[in-house]
Amino acid sequence: MDRAARAEYLRAIGIELWVPRHPPEGGPQSEAAPVPVPADAGATASDGHSVDARWQALWSEVRDCARCPLHESRTQGVLGVGNREANWMVIGEAPGAEEDRRGEPFVGRAGQLLDAMLRAIGLSRGANVYIANILKSRPPGNRDPKPEEVAACLPYLHRQIELVRPKLLLAVGRIAAQTLLSSDAPLARLRGGVHHFGERNTPLVVTYHPAYLLRSPADKRKAWEDLKFARGVMAQIDGDRT
Ligand code: URA
């Protein structure tokens, strides 16, 4: 990505750089890209079911889920979006009003900021990122998830992570970070380092939730540091494998 494009994306996030500005070409991209059919849809996993069949089973379970009372107030379950073979997996908290209505994670204002943040490091949900949440159902009034809701829903996310097998997890916000790391440390202590998740020890980096950044734009610069850090971690992972 050239410097002008990066500066433009950073400006969209709300970070000004002291570089000459160029007008954007085209305008913002539409991010509501369809979920690509995975290239290994016919591949068979160790349990004997094809990867595609496992995605289908997961989706129908989430669609019909009644494991916690949130199913009574939600419009629909929200599973995930993006490339199912992505190297990057972003994990947020729970669907909000717009996500509940449209059935896709991060499509409201916070989602637009998330897309801009991802673009700033050369990523997009249609191409090289898969996005999911800790909860698949919207908590009323966007309150914090209750521990029993997280406990009921988390197995779905574990299955998603196992299906995508990302090289790097990016946890956005306190709820996602604390849940995935089984920690009650504040976000400030979880940022700035590489953690590991699950049996595969998948590297995990923590940053701010875009909804928080909309309320506290002064922290966008720190989020940008986190994204550059995550990009460096991914470069190192790729370097280690070549
Ligand atoms: N906030 C989240 O954490 N996830 C969404 O999908 C939308 C807003």
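Counting starts at 1 for both ligands and their atoms, following the listed order.
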I want to know if ligand 1 touches [X] in the polar sense, i.e. an N/O pair below 3.5 angstrom.
X      : result
Ala110 : no
Glu99  : no
Pro95  : no

### Winner among Ala94, Gly96, Gly92, Pro105 once heavy atoms are compared against atom 5 (C) of ligand 1
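Looking at heavy atoms only, the winner is Ala94.
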### Query
Is Pro210 touching ligand 1 with its side chain, its backbone, both, or neither, if touching means heavy atoms under 4.0 Å apart?
neither
### Task
Check whether more than 12 heavy atoms from other residues, nucleotides or ligands sit under 6.0 Å from atom CG of Asp184, and answer yes or no.
no
Just checking, is any N or O donor in the side chain of [X] or [Y] under 3.5 Å from an acceptor N or O on the other one?
X      : Y      : value
Arg174 : Tyr212 : no
Tyr130 : Glu85  : no
Gln76  : Lys136 : no

#### Entry: Among Asn133, Ile161, Ile175, side-chain contact (heavy atoms from CB on, under 4.5 Å) partner for Ile91
Ile161
## Note on the structure
His209 heavy atoms within 4.0 Å reach ligand 1 at atoms 1 (N), 2 (C), 3 (O)
### Query
Taking only heavy atoms of Glu93, which atoms of ligand 1 are found under 4.0 Å from at least one of them?
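The atoms of ligand 1 under 4.0 Å from a heavy atom of Glu93 are 2 (C), 3 (O).
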### Query
Considering only protein heavy atoms, which is closest to atom 4 (N) of ligand 1, and at what distance to one decimal place?
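Residue, atom and distance for the closest contact: Asn133 OD1, 2.8 Å.
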## Note on the structure
CD of Glu162 to CG of Leu58, rounded to nearest 0.5 Å, is 12.0 Å
